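Chain letters run A, B, ... following the sequence lines, proteins first and then strands; every chain starts at 1. Side chains included, hydrogens not; waters and symmetry mates left out as well; all remaining heavy atoms used. Please read all numbers here as calculations on a predicted model, not as lab measurements.
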There are 4 protein chains.
Amino acid sequence: MNKKQNIIPAAAHLFADQGFDGTTTIQISREAGVTEPLIYYPFKGKDDLFTQILEAGFTEYFNRLDALENHSGSAMQQIEDLVSLHFAFVDEKPDEIYLTFSTCPAKLNDPNHVCVRNIKRQREQLKALLINCLERGVASGEFVSVPILETAHLIIALITGWMRLRGLKIDSLEGMKAVATEFIRRSLVP
Amino acid sequence: MNKKQNIIPAAAHLFADQGFDGTTTIQISREAGVTEPLIYYPFKGKDDLFTQILEAGFTEYFNRLDALENHSGSAMQQIEDLVSLHFAFVDEKPDEIYLTFSTCPAKLNDPNHVCVRNIKRQREQLKALLINCLERGVASGEFVSVPILETAHLIIALITGWMRLRGLKIDSLEGMKAVATEFIRRSLVP
Amino acid sequence: MNKKQNIIPAAAHLFADQGFDGTTTIQISREAGVTEPLIYYPFKGKDDLFTQILEAGFTEYFNRLDALENHSGSAMQQIEDLVSLHFAFVDEKPDEIYLTFSTCPAKLNDPNHVCVRNIKRQREQLKALLINCLERGVASGEFVSVPILETAHLIIALITGWMRLRGLKIDSLEGMKAVATEFIRRSLVP
Amino acid sequence: MNKKQNIIPAAAHLFADQGFDGTTTIQISREAGVTEPLIYYPFKGKDDLFTQILEAGFTEYFNRLDALENHSGSAMQQIEDLVSLHFAFVDEKPDEIYLTFSTCPAKLNDPNHVCVRNIKRQREQLKALLINCLERGVASGEFVSVPILETAHLIIALITGWMRLRGLKIDSLEGMKAVATEFIRRSLVP
DNA sequence: GATGAATGAGTGTTCATTCAT
DNA sequence: TATGAATGAACACTCATTCAT
């Protein structure tokens, strides 16, 4: 239970960097400073390790997301919080959150697997939240009139696109949260 | 009976779907309806196959992108064309273009490899184009005053984020091009 | 029947240079200036090609060797002729003769195969000839008294050792025939 | 239960018997009583295994050969010791020493490879030693007058030829060392 | 708990050979 | 006869995983 805390971040980092298939158990053990078989004490295997990392990421992610659902502020405020949530998250735990938004490894593609289920749930929840938000905003006149579903998808693309660039360390610009928020606000608020 | 032509789309599809490492040569051969060794007739190996797919994608991509550089229209027009270019491209060749925008396999990460070099070139070229465009627009008053570099990155995130969702078949909404263009226009044009 | 003459020397050369297993049929076809499947018209396969080369080499070799058996000259004269035969042969057809004296490919090691049979026959015949020769020479006082069997083996080692060095192009010294003959003569003739 | 020690002799035997290309890793593993992947635990691959066997053989061989260089005895005595060295060696370690004297696999033919470098060094060192020896002997009148270089090559051919026959188990005669020594002595000493 | 040794299953790749034309 | 296209069988090698200690 002691070394488990070394393994998870090491694995998360390598998975995020090289993909699930591109990462070997021996790489993980070296990065974690343990021997290879030790991985099999706290985890059933490579799949399980991956799954647990993802699940931990998802758990925290959904906790934060759920807190947004019962939102009392304006529609724009809610979108702003949504953007903040994701941008803050990817700064805190770039590997876990990047994995959360990346594709499932091919071999874990069965629809009952935690990986697929959660990724689907995440997309649905994000979509629902944004649709609700946009509908509210358009109805109340807070937002200009936009096609709801398409705009929701667009904002998801913007958020996940940025997280991807950030998670892969391709983009390291600071202060993007405010810029993104303003960008969306100008587009939606009349 | 030239089965060689089946290999490229089959491989592109699988690579886009499962990643480079997650795709086996035998999967490719089955998807292409040929036997495994036939892959090695026109291609030197799995790496070469991947490289050639990417290179073909990049060649066409850069051709289209270069055509945008000497643009005579307004700044917004140019951004619109940029969005159109990418959205049209990903509709035409979802697999190839998705690969073009996805990450390099870990093992092909040496900086001289076509894969890395082109992906870098692509990001640089996109950034340069957008920065130029935004500077023009802001200077002429066509656009509101925005932080140039950050906004360029944001638009790249939006475009690539969308292409990713689209390339992975996660999102299949039609008519997104116009919605995206309008979304950006409202944000930038006063 | 036309291109067969191109294939044999090309194959013989490559087999001698790289060994049977180290030589591929495509190398042979290129060296012979033909396409790969053409090899299968005059030959049943790679094994057969190898066998035929060996057989041709052996046929000529045994022809020459048989001519030595009914020898009328002195014992030393006969040994001299034996040395001459081998040294001349390896100069004329270095590849074929080298193969003749080299090891059988592992996969052709069954004792009924032409390859094994001939190599055995060759060693037996050489041994018989030398034993006969040495016995004659010792009995007649032409030679000093030497252990017959061992000396026969030694001369075989000398001859095959030289042919190997020569066949592999490791040694390219000229005029070795006379030197070898003299070397043996001084050792045997009192 | 260190099965690693079984691998080297098993591999040496098979390599000597069937050549590098003719020997498969699965054959080696079976002969060593281990499973195939275990070969890759102590060795980087088939090439490395081959190289290490050769290197061990060469190291011991050169150690023994170097001991002969500073020789105080007569020229004939030195040659006798040289013959003894080789004949004793091939009796002790028939596989390793046979490999040491056999040809490099075609694919390891680059001139910097241990294999090529050592085989060259061996030939040069043997040649130098014999030339020196013969020159001494001829100058002092211990030997009859012989062409130095050619005779050196001849003795090398004799020694390596014998080692080959012996290493390949083609010839199993005992007591050859004395016979060979006498054979050479009679030829050189007046 | 911890590890060095070991392995079953599979991967990319090569090669001798055949087939359709 | 000749060849481009195609393949079955094997090869060296890797990897996630387990076992003996």
Polar side-chain contact B:Tyr41-F:dA6 base: donor and acceptor under 3.5 Å: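 Answer is no: no donor-acceptor pair is held.
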Atom [atom1] of [X] and atom [atom2] of [N]: how far apart are they, to the nearest Å?
X: B:Lys46; N: E:dG12; atom1: NZ; atom2: P; result: 4 Å
X: A:Phe20; N: F:dA16; atom1: CZ; atom2: C1'; result: 10 Å
X: B:Phe50; N: E:dT13; atom1: CZ; atom2: P; result: 14 Å
X: A:Asp47; N: E:dA9; atom1: CG; atom2: P; result: 17 Å
X: D:Glu36; N: F:dC11; atom1: CD; atom2: C1'; result: 8 Å
X: A:Asp21; N: E:dG12; atom1: CG; atom2: P; result: 11 Å
X: A:Lys44; N: F:dT17; atom1: NZ; atom2: P; result: 11 Å
X: D:Tyr40; N: E:dT11; atom1: OH; atom2: P; result: 17 Å

Sugar-phosphate, base or nothing in reach of C:Thr24, heavy atoms under 4.0 Å: sugar-phosphate
Sugar-phosphate only, base, or nothing, as touched by D:Thr23 at under 4.0 Å among non-hydrogen atoms: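 Counting heavy atoms under 4.0 Å across all strands, the contact made by D:Thr23 is with sugar-phosphate only.
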B:Glu60 with B:Lys93: basic N within carboxylate O range, under 4.0 Å: yes
Distance-minimising heavy-atom pair for B:Tyr98 and B:Arg164: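 Shortest heavy-atom contact: OH-NH1, 2.8 Å.
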F:dT7 pairs with, by Watson-Crick or G-U criteria that keep both distances under 3.5 Å: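 Base-paired to E:dA16.
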Watson-Crick or G-U wobble mate for E:dA9, both contacts under 3.5 Å: F:dT14
Donor-acceptor contact present, side-chain C:Gln27 to main-chain C:Thr24, <3.5 Å: yes
Main-chain N/O of B:Ile28 paired with B:Glu31 side-chain donor or acceptor, under 3.5 Å: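 Not a single qualifying donor-acceptor pair exists.
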N/O (side chain, D:Thr25) to phosphate O (OP1/OP2, F:dA12) under 4.0 Å: yes
Which residue lies more 5' along DNA chain F, comparing A:Ile26 with D:Gly45 via nearest heavy atoms: D:Gly45
Side chains of C:Arg121 and C:Phe58 in contact at under 4.5 Å (non-hydrogen atoms): no
Selection from F:dC15, F:dG4, F:dT7 that lies nearest to any side-chain heavy atom of D:Pro37: F:dC15
